[in-house]
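In what follows, a single structure is set out as structure tokens and then discussed.
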Amino acid sequence: MMGFQIVLLWSDILIWLLVAAGVGLGVLIVRTPPLLSAWRNVGANRVGMASATVLLAFVLIGLLDSLHYRVALEGKPGQKTQYAVEVLSVLDALVTPLRTRNEKTYSEPFATRLYAKETVDVPGQGTVREYPRLKYGGKHLAEREDEVAADAGFTAFRAGVLAFLGWLAVAGIVSGVVGHGEAPGTGWRRIWRGETAFAWDAVLVTLALMLLVAVPLFWLSGQYHVFGTDKVGQDVLYQILKSVRTGLIIGLVTTLVMLPMAVLLGIVAGYYRGWVDDVIQYIYTVLNSIPGVLLIAAAVLMMQVVIDTHPQWFSTAAERADLRLLALCFILGITSWTGLCRLLRGETLKLRELEYIQAAQTFGVSSWRIIIRHILPNLMHIVIIALVMDFSGLVLAEAVLSYVGIGVDPTMTSFGTMINNARMELGREPVVWWSLTAAFAAMFILVLAANLFADAVRDAFDPRAA
Amino acid sequence: MLAYIVRRLLYALPILLGVNLITFALFFVVNTPDDMARMQLGVKRVTPEAIQKWKAERGYDKPLLLNAEAGGLAVLTETVFFQKSARMFVGDFGRAEDGRDIAREIGNRMGPSLAIALPTFILGLFVTVTFALTLAFFRASAFDFWGVVLCVAMMSISGLFYIIGGQYLISKVWRLVPISGYGGGLEAWRFLILPVLIGVVSGIGSSTRWYRTIFLEEVGKDYVRTARAKGLPETLVFFRHILRNALIPILTGVVVVIPLLFMGSLLTESFFGIPGLGSYTIDAINAQDFAVVRSMVFIGSVLYIVGLILTDISYTLVDPRIRFE
Amino acid sequence: MMLTVDRLRLGFAAGKRVLAAVDGISFSIAKGETFALLGESGCGKSVTAQGIMRLLPPAGRVLGGSVSMEGQSLLTLPEADMRAWRGGRMAMIFQEPATSLNPVLTVGQQIGEVLERHLGMTGAAATGRMVELLRQVGIADPERRLNEYPFQFSGGMKQRVMIAIALAGEPELLIADEPTTALDVTVQAQILDLLVRLQAERGMAILLITHDLGVVARMAHRIGVMYAGELVEVASREAFFSQPRHPYTQALFKALPDMSRRGQRLTTIPGQVPSLAAMPAGCRFAERCARVMPVCREQSPVWRDEQSHAVRCHWRDAGVDADAAGGGHEITDLSVSAGKEFLRVADLKVHFPIRKGLLQRTVGHVRAVDGLSLAILPGRTLALVGESGCGKTTVGKALLQLIPPTEGSVLLGGQPLVGLRGARLRSARRHMQMIFQDPFASLNPRLRVGEIIAEGMDALAVVGDARSRRETMAALLTQVGLPEEAIDRYPHEFSGGQRQRIAVARALAVQPSLLICDEPTSALDVSVQAQILNLLKKLQSELGVAYLFITHNFAVVEYLAHDIAVMYLGRIVERGRAEEVLRTPKHPYTQALLSAIPLPRLEGATAVIRLSGETPSPANPPSGCHFHPRCPHAMDVCRSRYPEPVDVTATQRVSCHLLP
């Protein structure tokens with residue numbers, strides 16, 4: 001039995017706090033009928049629910065990647081246990097083959113040989129320049145290298161059948177729940193005709209598509225590098241999986257960081273007006289007037305100096321990268337709260353003139369109580385819309401910032417660092433296209449799903465802005 | 001009106017001072033000049049003397065805010081804040097790490113930046129407003145639906161993809177224009193056409209959707225019903241009534257970025273090797289040239305504030321309610 | 001007949017279904033005639049107008065029937081041809097002049113458009129015509145005003161511009177959709193006069209859409225009453241006002257508050273209009289009808305036509321005196337003795353600074369309330385009457401210290417209120433509560449009714465433990481006529497009238513001695529308004545609570561006020577007991593206000609005093625007597641000095657130089 005030590009990175013804590021907050025919010029929504037009815041509208045939106053299903057898959061990957069530990073090194077008995085420097089996550093453990101089976105350098109998707117010629121000693125023929133066989137990709141084929149297509153196709157088919165069976169099981173459970181207490185088959189029929197209040201049809205179709213793509217892909221990834229390998233021979237699929245967490249953290253934690261400040265200052269400025277409003281407006285005009293990228297650049301540069309001059313703060317590289325990621329979230333948060341703050345201020349100005357607020361004032365209800373009971377709940381839809389709308393923008397921004405060199409730590413896998421590392425490869429002859437394509441495609445799916453979901457949420461909460 | 005503009009200008013001063021203080025705090029208080037020197041020199045070669053020399057060369061060896069040793073006004077002027085931050089107000093940005101005068105460099109690089117940014121801006125505005133107007137005109141039709149789908153898809157694609165994909169396809173595979181570089185004179189268009197095109201395309205998604213929402217909001221207003229009740233054809237309703245009113249919110253978002261066009265685009269310029277301010281900034285970031293980054297932050301906020309004032313002025317042009325009050 | 005509407009059915013697409021909002025209505029209008037479509041909100045009267053113009057909103061659908069004008073069927077016309085009719089031979093004016101004009105185009109441009117489109121007129125000819133049009137609708141200095149923008153016009157002037165736009169195409173039919181609902185009563189009188197004059201000059205037909213029986217009496221030649229998407233009664237003006245036949249029409253008349261009903265309960269129409277999605281198969285009014293018979297619920301009545309008076313009802317006994325059915329018993333003792341003063345306001349001023357220029361210096365003040373004194377006696381109702389912008393709402397808020405008064409004193413039972421803070425202000429507020437105008441904005445949509453009512457009780461620590469609290473709330477809800485279960489429901493589940501009841505319950509929860517009612521019924525339909533007025537009267541007689549009733553509606557005042565104070569530009573110009581002010585008004589403004597109200601009677605159109613112009617801005621009130629620019633009796637002294645108040649009787653007090 002190998003011992004291990006649980007590592008709690010700061011970002012892990014925040015992520016799980018977010019999950020807890022999400023669950024808490026869910027409970028609150030279920031208990032508040034007006035909120036529940038708005039979320040029911042989201043649930044009835046087919047596009048919204050399909051994209052939510054996709055997002056959920058991404059979140060699942062991200063969560064698995066947010067449980068970190070360090071493996072105990074084998075030491076002499078009696079000695080204090082030493083732990084490996086490398087911090088691993090549950091996701092790493094689940095996809096160990098992907099993580100460990102590194103080739104020497106570039107190889108194409110489903111390739112059995114490297115992408116570059118090397119000089120090898122062939123017994124009997126002396127040294128020859130040829131494309132060497134991969135250490136892992138297609139190893140099980142041995143000499144039958146030309147059968148890749150047939151072998152992969154057959155494996156994919158088997159996996160597809162399995163995926164279908166799995167989907168049937170899920171769909172069966174869902175239909176049972178939907179048609180609970182009715183004649184057998186009613187559930188199926190109602191889902192099929194789209195008569196359910198919740199868009200189960202969209203969820204099931206999306207799930208079917210996802211399973212049909214994901215299961216064969218992972219099955220094949222045990223034998224091939226399905227997305228190829230990069231310059232140092234690492235599996236691209238593994239990098240994509242690891243990038244998901246970075247994207248999610250940037251997209252979610254940033255909003256979380258700026259949310260309290262934007263909400264508090266926005267409401268206070270709008271409610272109290274006068275000099276409080278003047279001061280808050282001054283602050284956000286000043287912050288707003290510095291072009292975002294430059295402010296981020298300046299702040300990140302300074303943060304880098306702090307990190308570089310204090311190496312003693314971090315016991316592992318993962319911790320350093322993690323802290324830099326969080327710092328980036330904070331910086332992005334500080335530069336992006338002004339928009340939401342201004343929006344909330346304007347809305348509070350309108351709300352405070354409403355008659356139910358004045359009614360509360362005539363009862364002598366204290367200002368803070370009015371803010372919490374009357375104003376905040378009636379601003380929640382704006383906050384929720386801002387949260388989901390910002391997410392996609394932040395994921396895209398991460399890629400750009402990492403490219404510019406002011407993003408996440410270069411050692412941290414993210415869509416941005418992947419693109420940054422791969423962009424020079426387009427200049428090679430023959431061209432190395434798979435890293436970039438995979439990163440862009442994965443990012444596109446994530447952002448598209450987030451955008452569509454954001455639209456569904458906005459439509460449900462704010463029917464005006466269709 | 002004039003008093004209004006003057007007041008806006010006066011209001012800009014405390015904001016610029018705030019910007020200055022923030023950048024000063026960021027560059028000199030969060031990290032001391034000693035930290036910067038250590039970082040720049042590299043950890044291995046660092047000695048107290050080297051740090052002193054590095055600081056003296058750049059004028060960072062003075063006290064930060066108050067120079068107690070100096071007399072008279074020099075208490076305030078012989079400081080890092082005054083020399084490095086306050087003097088930016090008069091256009092003195094100091095020297096970059098390579099010893100060149102930053103102000104002159106900025107002047108030289110504005111041209112190429114503008115050559116890319118201005119056509120991108122004008123063409124982009126034209127394309128997106130036209131597209132959005134068309135979508136709003138055919139609202140609730142299949143054309144509108146698929147147009148919006150296209151917009152959402154386009155805004156979900158990373159800006160990097162447009163650049164990398166465009167360069168690869170047009171320059172490398174089709175070999176239509178050079179992949180990067182910049183030349184003066186009439187030949188410049190060959191270098192400019194691709195970045196401009198990519199800049200326009202990458203902005204279509206989000207801008208079109210935004211403008212479309214604005215147009216649709218106007219379509220639902222009472223005065224539009226009045227215009228229809230007059231028997232005006234739908235085209236006239238759109239171009240005379242809706243467009244004029246929709247311009248007001250559109251201006252808020254658009255005019256403010258016009259001055260910022262001088263700053264160029266970080267991504268486009270660095271990918272296409274355009275010697276503008278954007279690539280200057282990126283190079284400075286990569287070389288950790290603090291003086292240049294600081295100057296760009298300052299110029300950026302000045303231009304932003306100019307943009308705000310221009311926005312206010314442009315309001316008075318399109319909105320009679322403001323013009324006459 | 002010029003316009004004939006035949007079995008017109010209009011609906012709205014809601015999801016996959018189409019709900020009929022107008023269900024088979026037929027009527028016709030002759031040249032030079034005014035036909036009024038009368039009905040409460042949601043009855044489909046505006047949709048009918050939009051359907052005739054083919055200006056339905058995007059979700060609107062024409063489901064059947066026909067509209068023909070001068071023999072041309074309009075509904076089958078291609079859209080391009082229809083545009084020649086719209087704005088040309090038929091024109092429309094709308095309820096909200098403020099939003100119906102394009103804010104960024106000059107008035108000239110907006111009128112010129114029509115001239116160009118329909119008459120092919122441009123250049124100097126068009127300008128000349130525009131000047132003429134503006135002059136016709138009573139706009140002074142038309143040459144200059146052509147180049148002005150809508151925001152430079154006052155509300156009534158905007159509506160005149162709208163009318164000028166409508167007239168520009170020389171229409172034969174003018175559709176006026178609630179043309180005066182958003183305007184003050186003195187301005188309304190001007191606009192109605194204008195419409196009558198223009199009709200006489202041009203021989204136009206007018207289709208008037210309104211909910212106001214008074215406007216109908218003033219304007220219409222024939223009247224059609226709509227209920228839940230159907231016409232239920234069509235009659236000539238004389239027949240309609242002398243003998244309304246449909247139970248719904250009769251109920252509408254009886255629900256109107258009026259001097260003659262002082263002290264009596266108003267007849268109310270129970271229940272609500274059925275929703276579009278659940279229209280009953282039989283008579284649509286059956287559920288609320290006092291004359292309901294079994295046949296009413298089974299089959300929809302057919303038209304019965306007698307001497308140009310058609311009615312759609314199963315009940316035939318039209319001869320019975322209408323008042324026999326309603327409860328006309330006395331419920332309030334109007335002779336409440338004047339006890340000790342409860343609230344005294346002396347020289348109250350609320351000024352809002354106007355800041356301008358480089359340094360945002362205060363260059364002037366909006367004198368919303370400018371030296372107002374009044375006293376409220378326990379158990380009595382003081383009505384504060386005035387037109388929009390006179391500062392009456394500000395008075396209510398200043399009394400509650402929601403807006404800090406600039407000057408003056410507010411004494412509550414001898415205790416000064418101005419400047420109180422914290423706990424002492426809170427305990428003082430317990431004695432005064434407010435009911436607001438908009439029942440939709442005055443309840444927080446995110447709280448349950450129970451939480452809404454409990455808010456005041458909590459804040460002022462009225463009741464202790466949870467059980468007794470719930471009992472108190474239940475008792476309050478019963479008192480305002482709502483079921484006890486309402487405690488656990490949300491505001492959106494209630495109709496406008498029910499929400500206003502909740503607001504009353506919330507105010508009563510802290511057992512105040514004074515309720516400030518700020519236009520509590522102006523957002524409600526007549527039948528619902530009657531319910532709320534009845535409720536307020538009942539509560540007053542039961543609880544002895546005093547009301548400060550802020551309103552612009554004299555009918556409501558006549559019905560329930562003991563005392564009346566008339567406000568103009570931040571000051572009270574006349575006050576006294578209700579009978580005195582209503583029967584023998586002394587101030588020219590009060591006289592004009594009273595005569596401007598269109599009365600829902602045949603002899604209603606007897607108004608003699610017409611005020612010119614509109615209320616000036618309180619930022620820059622006229623010198624001397626504020627009213628002199630509009631006053632028909634203005635003298636030199638009026639321009640230089642504000643009149644001191646004069647006691648006409650022991651209770652009536654007037655500020656006017658006309659009085660000795």
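Order of the sequence lines fixes the chain letters, A, B, ..., with proteins taken first and strands second; residue numbering starts at 1 for each chain. When reading the values below, keep in mind they use all heavy atoms of this one structure, side chains included, and skip hydrogens, waters and symmetry mates.
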Region of B:Tyr168 that comes under 4.5 Å of a non-hydrogen atom in chain A: side chain
Is it the backbone or the side chain of A:Ile406 that comes under 4.5 Å from a heavy atom of chain B, or both, or neither? side chain
If we define contacts as heavy-atom pairs under 4.5 Å, which of A:Val305, A:Ile445, A:Thr285 has the most with chain B? A:Val305
Applying a strict 4.5 Å limit to non-hydrogen atoms, the region of B:Leu303 in contact with chain A is neither
Testing the basics here: between B:Ser301 and A:Pro291, what is the closest heavy-atom pair and its distance to 0.1 Å? N-CD, 3.7 Å
Quick test of your reading of the model: are A:Asp455 and B:Arg209 salt-bridged, counting only N-O distances below 4.0 Å? yes
Under the criterion side-chain contact (heavy atoms from CB on, under 4.5 Å), which of B:Met296, B:Arg109, B:Glu269 is the partner of B:Thr281? B:Met296
Most heavy-atom pairs under 4.5 Å with chain A, out of B:Ala153, B:Ala284, B:Gly159, belong to B:Ala153
Verify the distance criterion only: is there a donor paired with an acceptor across the side chains of A:Thr246 and A:Glu398 at less than 3.5 Å? no
Taking every non-hydrogen pair under 4.5 Å, which of A:Ile283, A:Leu287, A:Val431, A:Leu295 racks up the most with chain B? A:Val431
Non-hydrogen atoms of chain B under 4.5 Å away: do they reach the side chain of A:Val293, the backbone, both or neither? side chain
For B:Phe27, is it the side chain, the backbone, both or neither that has a heavy atom under 4.5 Å from a heavy atom of chain A? both
Residues A:Asn420 and A:Ser402: side-chain donor-acceptor under 3.5 angstrom: no
Could you check, using the six-membered ring where one of them is a Trp, whether B:Phe271 and A:Tyr403 have ring centers closer than 6.0 angstrom? yes
Which one of A:Asn451, A:Val54, A:Leu396, A:Leu55 satisfies the side-chain contact (heavy atoms from CB on, under 4.5 Å) criterion with A:Leu446? A:Leu55
Can you find a side-chain donor-acceptor pair between A:Gln239 and A:Ser243 that sits under 3.5 Å? no
Identify which part of A:Ile419 has an atom lying under 4.5 Å from any heavy atom of chain B, answering side chain, backbone, both or neither. side chain
Which pairs would a plain distance check flag for residues 434-443 of chain A, meaning a side-chain donor or acceptor within less than 3.5 Å of a matching protein atom at least two apart in sequence or in another chain?
residue	atom	partner	partner atom	Å
A:Trp434	NE1	A:Ser107	O	3.4
A:Trp434	NE1	A:Thr229	O	2.9
A:Thr437	OG1	A:Trp433	O	2.5

Is A:Val300 in contact with chain B via its backbone, its side chain, both, or neither, using a 4.5 Å heavy-atom distance? neither
Side chain from CB out, backbone as N, CA, C, O: work out which of these in B:Val293 comes under 4.5 Å of a heavy atom of chain A, or both, or neither. side chain
Do you know which of B:Gln167, B:Met155, B:Met263, B:Arg294 has the most heavy-atom pairs with chain A at a distance under 4.5 angstrom? B:Met155
With chain A, the option among B:Ile22, B:Ile157, B:Leu160 that has the most non-hydrogen atom pairs under 4.5 Å is B:Leu160
Side chain, backbone, both or neither: which part of B:Ile305 has a non-hydrogen atom closer than 4.5 Å to chain A? side chain
